[in-house]
Number of protein chains: 2
Amino acid sequence: MENREISKAVITRLPRYYRYLGELLESGVERISSNELSTRMKVTASQIRQDLNNFGGFGQQGYGYNVKYLYTEIGKILGIDRQHNLIIIGAGNLGQAIANYANFEKRGFIIKGMFDINPRLIGLVVRGIEIRGVDDLEQFIKDNDVQMAALTIPKTKAPEIADRLVNAGIKAIWNFAHVDLNVPDDVVVENVHLSESLMRLSYRVCSMQDRKKEEERKARGES
Amino acid sequence: MENREISKAVITRLPRYYRYLGELLESGVERISSNELSTRMKVTASQIRQDLNNFGGFGQQGYGYNVKYLYTEIGKILGIDRQHNLIIIGAGNLGQAIANYANFEKRGFIIKGMFDINPRLIGLVVRGIEIRGVDDLEQFIKDNDVQMAALTIPKTKAPEIADRLVNAGIKAIWNFAHVDLNVPDDVVVENVHLSESLMRLSYRVCSMQDRKKEEERKARGES
DNA sequence: TAGATTGTTAATCGATTAACAATC
DNA sequence: TAGATTGTTAATCGATTAACAATC
């Protein structure tokens, strides 16, 4: 069997399809055509069909897609049908926000533990999860079959902890620290760089302002 | 003057350049060539030069780029030299995490206020900022010249609040709710869909597992 | 001046969109 | 069967990379 590499752009869109299908499912819609979905999601129908056909033919000519079936299948593709054991390193507000987000557990992400360096936090309990010191890290990962770690610690500590996680056998890092991590090829890192996201917003709001001023100037007669 | 539209891909990369240049600056590096930067950032030198030249010629032949100058210029492009007045709607862990992230203020993002619907949170003070009820929203936005809002509330409440923000004159929404917002063309929305980010991580770790199993199978003789 | 490195044009690559035959 | 809509091939569009002349 040929190993068709799926493009990054497709993978980025997949969870959004999943979200929309979930909403359709909740509102009792049974079937949907690529065309109607395209209107709702503001993407082209062609793109939807192309994206889905990377993974197989989920639809039926003349009918469209069965919402429940497609929802389930995309869930499988995303690995949401499997269980992922997760730890959170960094029990500050961001770490706690993740721990408190109940929906994650619904989708197979089980938070096995929380860790922090700050001794004042160690021993506290968040959502039934005790905050531990990082000394226990390696042993805990082995004992609890942990594959994923969310890194919500300052950038100065992140590379060192990332190395320890990798050595302890972690396969995926959800990185919120403002630094790029160096990991082996078989460990995946998903970055959430909030400050970069905010800068993009800043860029866009500024260029929107500039454009408006430009238009106003033109409206008042060419400059 | 022609209004060259900058591609989204370029804007996505810009904050990352900014981060690397900031680190170089801190470590005392004065000048850098696109080639050396490309090695550090793991992108092509060609891409760096193309990206920068969307905004003007910041380098010098035979020399490279002056780190401090380029850092400042990218800051200007991103609008970080200007002041952005920000409010946070939703004073849960995520809202508090944002409020507590000091670096934002360093880059011109001033948190003017926090709001919540939960009466038990109203009146509490986070980082010197009092949490208010959403009744005050419109008045507060006008009084404090607020242009940006971070939405860290559940998806059920988000569309309604977004409408109110838009009507009150907000120009940019940093949306953490798991829903796509409908806003006029001149309002910009930057989405941070954490659950989608986690699903991408899940996809990637699963497909990595599959690939490994495939390889193992091949290594044990073709199946 | 010679060497280095940019700015920019041209070539390549990949992703998106359009079109349509296949088929439910 | 006729109509609808997919799956898939072909055409277009845009983004990335390569190459090199300009220039510090």
Side-chain angles (χ1 to χ4, degrees), chain A residues 1-17 20-21 24 29-74 77 200 203-204, chain B residues 1-17 20-21 24 29-74 77 200 203-204:
Chain A
M1 183 179 49
E2 182 197 10
N3 235 351
R4 308 232 300 95
E5 195 64 46
I6 309 294
S7 94
K8 218 183 163 185
V10 174
I11 297 162
T12 306
R13 289 191 289 267
L14 229 38
R16 188 156 177 264
Y17 293 135
Y20 271 83
L21 289 164
L24 287 166
V29 177
E30 260 181 34
R31 72 178 195 82
I32 195 154
S33 68
S34 59
N35 219 289
E36 204 194 321
L37 191 57
S38 93
T39 312
R40 287 176 188 256
M41 294 187 65
K42 289 170 189 158
V43 295
T44 64
S46 210
Q47 182 163 77
I48 294 174
R49 295 203 299 275
Q50 283 276 28
D51 283 353
L52 298 178
N53 277 91
N54 279 298
F55 305 97
F58 302 121
Q60 202 168 68
Q61 283 97 332
Y63 172 86
Y65 299 88
N66 180 287
V67 173
K68 187 165 190 184
Y69 174 67
L70 188 54
Y71 180 75
T72 311
E73 288 303 310
I74 295 181
I77 294 163
R200 281 192 284 277
Y203 171 86
R204 288 168 58 205
Chain B
M1 183 178 50
E2 182 196 10
N3 235 349
R4 307 233 298 96
E5 194 65 47
I6 309 295
S7 94
K8 218 182 161 186
V10 174
I11 298 160
T12 306
R13 289 191 290 267
L14 228 39
R16 188 157 176 264
Y17 293 136
Y20 272 82
L21 289 164
L24 287 167
V29 177
E30 259 181 34
R31 71 178 195 84
I32 194 154
S33 69
S34 58
N35 219 288
E36 204 193 321
L37 191 56
S38 94
T39 312
R40 287 176 188 254
M41 294 188 64
K42 289 169 189 162
V43 296
T44 63
S46 210
Q47 182 162 78
I48 293 174
R49 294 203 301 274
Q50 284 276 28
D51 283 353
L52 296 179
N53 278 91
N54 279 298
F55 304 97
F58 301 121
Q60 201 168 68
Q61 284 97 331
Y63 171 85
Y65 299 88
N66 179 287
V67 173
K68 186 165 192 184
Y69 174 67
L70 187 55
Y71 180 76
T72 310
E73 288 303 310
I74 295 181
I77 294 164
R200 281 192 285 278
Y203 171 85
R204 288 168 59 206

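In the text below, chain A, chain B and the rest are named by the order of the sequence lines, each starting its count at 1. Just so it is clear, the values below take in all heavy atoms, side chains as well, and ignore hydrogens, waters and symmetry mates.
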Engineer: Can you list everything that forms a side chain to side chain donor-acceptor pair (under 3.5 Å) with B:Tyr203? Sequence neighbours excluded, please.
Structural biologist: none
Engineer: Residues in side-chain contact (heavy atoms from CB on, under 4.5 Å) with B:Tyr63, at least two apart?
Structural biologist: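 Only B:Arg31, B:Gln60, B:Asn66 meet the side-chain contact (heavy atoms from CB on, under 4.5 Å) criterion with B:Tyr63.
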Engineer: Given pairs defined as Watson-Crick or G-U wobble with both distances under 3.5 Å, what dot-bracket annotation applies to DNA chain D, with ( ) intrastrand, [ ] crossing, | other strand and . unpaired?
Structural biologist: ..||||||||||||||||||||||
Engineer: Please report the closest heavy-atom contact between A:Gly57 and A:Asn53, naming both atoms and the distance.
Structural biologist: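 Smallest heavy-atom distance, with atoms named: CA-ND2, 4.0 Å.
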Engineer: Can you name the residues that form a salt bridge (Lys or Arg N to Asp or Glu O under 4.0 Å) with A:Arg49, not counting sequence neighbours?
Structural biologist: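 A:Arg49: no salt bridge (Lys or Arg N to Asp or Glu O under 4.0 Å) contacts found.
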Engineer: For B:Thr12, give me all partners under side-chain contact (heavy atoms from CB on, under 4.5 Å), at least two apart in sequence or on another chain.
Structural biologist: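 Applying side-chain contact (heavy atoms from CB on, under 4.5 Å) to B:Thr12 gives A:Arg200.
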Engineer: For A:Ser7 and for B:Leu52, find the nucleotide of DNA chain C with the closest heavy atom, then tell me which residue's nucleotide is more 5'.
Structural biologist: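 On the 5' side of the pair lies B:Leu52.
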Engineer: Which residues within residues 40-51 of chain B lie with some heavy atom under 4.0 Å of an atom in DNA chain C?
Structural biologist: B:Arg49, B:Gln50
Engineer: Less than 4.5 Å apart, side chain to side chain, heavy atoms only: is that true for B:Phe55 and B:Ile6?
Structural biologist: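 Yes, at least one pair of side-chain atoms sits under 4.5 Å.
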Engineer: Evaluate the side-chain proximity of A:Ser33 to A:Tyr65: yes if any heavy-atom separation is below 4.5 Å, no if none is.
Structural biologist: no
Engineer: Run the side-chain donor-acceptor check on residues 38-48 of chain B: report pairs under 3.5 Å with partners two or more places apart or on a different chain.
Structural biologist:
unit_1: B:Ser38; atom_1: OG; unit_2: B:Asn35; atom_2: O; d: 2.9
unit_1: B:Thr39; atom_1: OG1; unit_2: B:Asn35; atom_2: O; d: 3.0
unit_1: B:Arg40; atom_1: NH2; unit_2: B:Glu36; atom_2: OE2; d: 3.3
unit_1: B:Lys42; atom_1: NZ; unit_2: A:Asn182; atom_2: OD1; d: 2.9
unit_1: B:Thr44; atom_1: OG1; unit_2: B:Gln47; atom_2: N; d: 3.1

Engineer: Listing request: all salt bridge (charged side-chain N to carboxylate O under 4.0 Å, His left out) pairs with a residue in residues 52-74 of chain B, at least two apart in sequence or in separate chains.
Structural biologist: B:Glu73-B:Lys76
Engineer: Which residue pairs satisfy the salt bridge (charged side-chain N to carboxylate O under 4.0 Å, His left out) criterion with at least one member in residues 51-65 of chain A, sequence neighbours excluded?
Structural biologist: A:Arg13-A:Asp51
Engineer: Can you find a pair of side-chain heavy atoms, one from B:Leu24 and one from B:Leu37, that are under 4.5 Å apart?
Structural biologist: yes
Engineer: For a 4.0 angstrom threshold against heavy atoms of chain A, report the outermost contacting nucleotides of DNA chain D in 5' to 3' order.
Structural biologist: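 Taking any atom under 4.0 Å from a heavy atom of chain A, the span is D:dA4 to D:dA10.
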Engineer: By a strict heavy-atom criterion of less than 4.0 Å, which residues belonging to residues 57-64 of chain A are in contact with DNA chain C?
Structural biologist: A:Gln60, A:Gln61, A:Gly62
Engineer: Mind checking ring-ring contact (aromatic ring centres under 6.0 Å, His included) for B:Tyr17 and listing every partner two or more places apart, or none if nothing turns up?
Structural biologist: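 By the ring-ring contact (aromatic ring centres under 6.0 Å, His included) rule, B:Tyr17 matches no residue at all.
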